[in-house]
S.K.: 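This is the structure, below, for whatever I ask next.
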Amino acid sequence: MSWDLKEALLHTSRQIQTARDQLSDLDAALGDGDHGMSMARSFAAVERELTATDSTDQADLLELVGNTVLNAVGGAMGPLFGSAFLSSAKALRSTAAEASSPERTAAAITAAAAAIQKRGKAEVGDKTMVDAIVPAAQAAATAAKEVGATSASVLRAAAEAAAAGAERTKDLVARIGRASRLGERTLGHQDPGATSITLALESLAAAAGAPVGQPILTLN
Ligand code: ADP
Ligand code: MG
């Protein structure tokens, strides 16, 4: 294994906490402005749990993140993000390929996308995190088949596709979740959940050693 998933998840947890205010600002335009707070609180708990565990098993670490996020907050975000991590843990356990292989990385992202869709019943185009994670999973599967693919190249492809998907949510009218109540007024605003997904994949890609992409948020 060329990079450390625990370190990558710790980095991701810190990046999400740093993005708290920007994520809440996005949610203030579309919902109730709590998304950054929910994410930051969840991932502060994730950071504590990861720091405390001795486990180095990748599936166990993802499961720990999933359970911590599920238990940390309510809102739409907890169950969606939590089940995404739990399903990616399950995918790692049931994929024969070796740890941190491109195939396994793609399988984990695909499982995360499927879990979010199963839980939330949103489709691509509804202006939710699905608009980031579904193209990310497709890009990951394609990237895993490329000659010379690595888990980092798969994560990089996923993060880029997620970023493009999050960007596209600006041109969508929200059809599901709290934001759907605002209808046409959601046009022009980027979906916070899609932004969080992108930030998470981008942080994982960077920690895995992939070249850094265009930032979805400016973090200071
Ligand atoms: P709440 O809407 O309960 O305040 P958050 O603010 O934490 O929860 O999260 C809002 C985000 O959740 C949205 O930006 C959207 O991406 C995502 N979301 C909401 N409902 C769904 C759903 N049914 N499926 C997928 N994502 C959803
Ligand atoms: Mg909200």
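Every number for a ligand or one of its atoms is a count from 1 in the order of the listing. All values below come from the heavy atoms of this structure, side chains included, with hydrogens, waters and symmetry mates left out.
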S.K.: Between R168 and D191, does at least one N-O distance fall below 4.0 Å, as a salt bridge requires?
M.R.: no
S.K.: Strictly under 4.0 Å, does any heavy atom of G31 approach an atom of ligand 1?
M.R.: no
S.K.: Examine V130 against ligand 1 and note whether any of their N/O atoms are separated by less than 3.5 Å.
M.R.: no
S.K.: Please determine whether salt bridge (Lys or Arg N to Asp or Glu O under 4.0 Å) holds for the pair K127 and D171, giving the CA-CA distance in whole Å, both sets of side-chain angles, and the decisive distance to 0.1 Å.
M.R.: CA-CA 9 Å; K127 195 177 179 106; D171 301 324; over 6 Å; no
S.K.: Name of the D27 N, O or S atom nearest the Mg ion (ligand 2)?
M.R.: OD2
S.K.: Consider every N or O of H35 and every N or O of ligand 1, then say whether any pair is closer than 3.5 Å.
M.R.: yes
S.K.: Check whether any side-chain heavy atom of S13 lies under 4.5 Å from a side-chain heavy atom of L50, and answer yes or no.
M.R.: yes
S.K.: Decide whether L86 and L5 are clustered together by the hydrophobic rule: side chain heavy atoms of Ile, Leu, Val, Met, Phe, Trp, Tyr closer than 4.5 Å, transitively.
M.R.: no
S.K.: Looking only at distances, can you tell me whether any N or O atom of G177, backbone or side chain, sits closer than 3.5 Å to an N or O atom of ligand 1?
M.R.: no
S.K.: Which atom, counting only N, O or S, brings D34 closest to the Mg ion (ligand 2)?
M.R.: OD1
S.K.: Does the side chain of M77 come within less than 4.5 Å of S42's, by heavy atoms?
M.R.: yes
S.K.: Do E202 and R156 sit within salt-bridge range, that is, some charged N less than 4.0 Å from a carboxylate O?
M.R.: yes
S.K.: Within a distance under 4.0 Å of any heavy atom of R178, pick out the atoms of ligand 1 and give their elements.
M.R.: 1 (P), 2 (O), 3 (O), 4 (O)
S.K.: Got the closest protein heavy atom to atom 3 (O) of ligand 1, with its distance?
M.R.: A76 N, 2.9 Å
S.K.: When L204 is tested against each of L199, L155, I109 for side-chain contact (heavy atoms from CB on, under 4.5 Å), which residue passes?
M.R.: L155
S.K.: How is the N/O/S atom of D32 that comes nearest to the Mg ion (ligand 2) named?
M.R.: OD1
S.K.: Does one hydrophobic cluster hold both L9 and V46, with members joined at side-chain heavy-atom distances below 4.5 Å?
M.R.: yes
S.K.: With nothing but distance in play, are any N or O atoms of M129 less than 3.5 Å from an N or O of ligand 1?
M.R.: yes
S.K.: Please report which non-hydrogen protein atom sits nearest to atom 23 (N) of ligand 1, along with the residue it belongs to and the distance in Å to one decimal place.
M.R.: G120 O, 2.9 Å
S.K.: Is the closest side-chain heavy-atom distance between V130 and Q117 below 4.5 Å?
M.R.: yes
S.K.: Can you check whether I176 has an N/O within less than 3.5 Å of an N/O in ligand 1?
M.R.: no
S.K.: For ligand 1, which atoms, with element, lie under 4.0 Å from some heavy atom of D27?
M.R.: 6 (O)
S.K.: Hydrophobic cluster membership, with links at side-chain heavy-atom distances under 4.5 Å among I/L/V/M/F/W/Y: are W3 and L62 in one?
M.R.: yes
S.K.: Does D191, backbone or side chain, put an N or O under 3.5 Å from an N or O of ligand 1?
M.R.: yes
S.K.: So which bit of L80 gets within less than 4.0 Å of ligand 1, heavy atoms only: side chain, backbone, both or neither?
M.R.: side chain
